Amino acid sequence: MSTEIHWFRRPGAIAPDHPGTLNPVYELLDHPIVLGRADDPFLAPEHDAEGFFTHEVALDRVAKLAGILRLLGVGPDAPVRIAAEVPEPAAVLARLAVIRVGGRLTEDASAPVDVELRASRSAPVRDVHRAFDKPVRRLPSGFEGVAVAARGEDGALAAPVDLDPVMRDARIEPAAAAELPADLVVIAREDGAQVPALAVAESPASVLTVPIAN
């Protein structure tokens, strides 16, 4: 993957002291597709043995979840936690979705957040259903067994909602890569370290929880 940063607006273009705007997820997913790598694997084989998650499929799932998060109010500085119990590859796709809209990934399990993704207690839906008396295979949403909870008016996280059917709702529009200030904090580490968008764009490993394909 190229280490060149693809700026939406370069530093100083908006104002002399402006850090410029970019999006780390654009570097990881959108730009490779522009270069003709839509069908190339995105995740390393040990996390996607069937090669289902190409760059195109990964972008589709990440952008759709980002659209859901945007409807829940996630944007710049909104804290979001991906619980440790969320399995791969859903966890890495979710992290990318949060950053795509500028949310702040919060790694501290005790810190207050606006939205949390966690393991669902519902039984997963079978990957085959029947339509017109013929079996039809359901393509994975990527978030089977994952639920999302958002903060309610009372300040507490509401009851979690299964993500799989929401991901399949055609009424929800995918979110484009937001123009993020390069100095916007997008990861708050458990040790208190704060990681800006530029650092993630320069070193994608800082946000990924599993290796990606080369």
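Side chains are part of it too, since the values below use all heavy atoms of this structure and drop only hydrogens, waters and symmetry mates. Positions are given from 1 along the sequence. It should be emphasised that the depicted structure is a prediction, and the values quoted were computed from it without experimental measurement.
- Within 6.0 Å of atom CD in Glu173, 12 or fewer heavy atoms from other residues, nucleotides or ligands are found, so the atom counts as exposed in its surroundings.
- Put simply, NE2 on His55 and CG on Leu35 are 9.5 Å apart, with the number rounded to the nearest 0.5 Å.
- Side-chain atoms of Ser110 and Asp108 include a donor-acceptor pair closer than 3.5 Å.
- Of the possible polar contacts, none joining the Arg104 side chain to the Pro76 backbone as a donor-acceptor pair under 3.5 Å is found.
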Does Thr54 form a side-chain hydrogen bond (donor to acceptor under 3.5 Å, both in side chains) with Asp39? I'd like the steps, not just the answer. CA-CA 5 Å; Thr54 62; Asp39 294 330; 5.1 Å; no
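- Val86 and Ala119 make their closest contact through CG2-N, 4.1 Å (heavy atoms, listed as atom of the first residue, atom of the second, distance).
- Listed here is the closest heavy atom pair of Ile82 and Ala94: CD1-CB, 3.7 Å.
- Under the 4.5 Å side-chain heavy-atom criterion for Ile, Leu, Val, Met, Phe, Trp and Tyr, Val185 and Leu22 are members of distinct hydrophobic clusters.
- Inspection of the Ser141 and Asp164 side chains reveals an N or O donor paired with an N or O acceptor under 3.5 Å.
- When all heavy atoms of Ile99 and Leu180 are compared, the pair lying nearest together is O-CD1, 3.4 Å.
- Rounded to the nearest 0.5 Å, atoms CZ (Phe52) and CG (Leu43) are 11.0 Å apart.
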Please tabulate, one pair per line, all N/O donor-acceptor pairs under 3.5 Å involving side-chain atoms of residues 62-69, not counting sequence neighbours.
residue, atom, partner, partner atom, Å
Lys64, NZ, Met167, O, 2.8
Lys64, NZ, Asp169, O, 2.9

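- Taking all atoms of both residues into account, the shortest heavy-atom contact from Ala201 to Glu27 is CB-CG, 4.2 Å.
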Using residues 7-21 as the side-chain source, report each donor-acceptor pair under 3.5 Å to any protein atom, sequence neighbours left out, with the distance given to one decimal.
residue, atom, partner, partner atom, Å
His18, ND1, Gly20, N, 2.9
Thr21, OG1, Arg9, N, 3.2
Thr21, OG1, Glu179, OE1, 3.3

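- Interatomic distance, Arg81 CZ to Asp114 CG, rounded to the nearest 0.5 Å: 10.5 Å.
- Ring orientation note: the planes of His31 and Tyr26 are tilted relative to one another, at an angle of 30° to 60°.
- With salt bridges taken as basic N to acidic carboxylate O contacts below 4.0 Å, none links Arg61 and Glu56.
- Summarising the geometry of Phe53 relative to Gly142, their closest heavy-atom pair is CZ-CA, 4.0 Å, with the distance given to 0.1 Å.
- Residues Ala149 and Arg118 share a closest heavy-atom pair of CB-NH2, 4.0 Å.
- How far OG1 of Thr106 is from CD of Glu190: 11.0 Å, rounded to the nearest 0.5 Å.
- By the 4.0 Å N-to-carboxylate-O rule, Arg95 lies too far from Glu88 to be salt-bridged with it.
- In this structure, Asp30 CG and Asn23 CG are separated by 7.5 Å, a value rounded to the nearest 0.5 Å.
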Take Val146 and Ser120 through the side-chain contact (heavy atoms from CB on, under 4.5 Å) test and state the conclusion after the steps. CA-CA 5 Å; Val146 181; Ser120 171; 5.8 Å; no
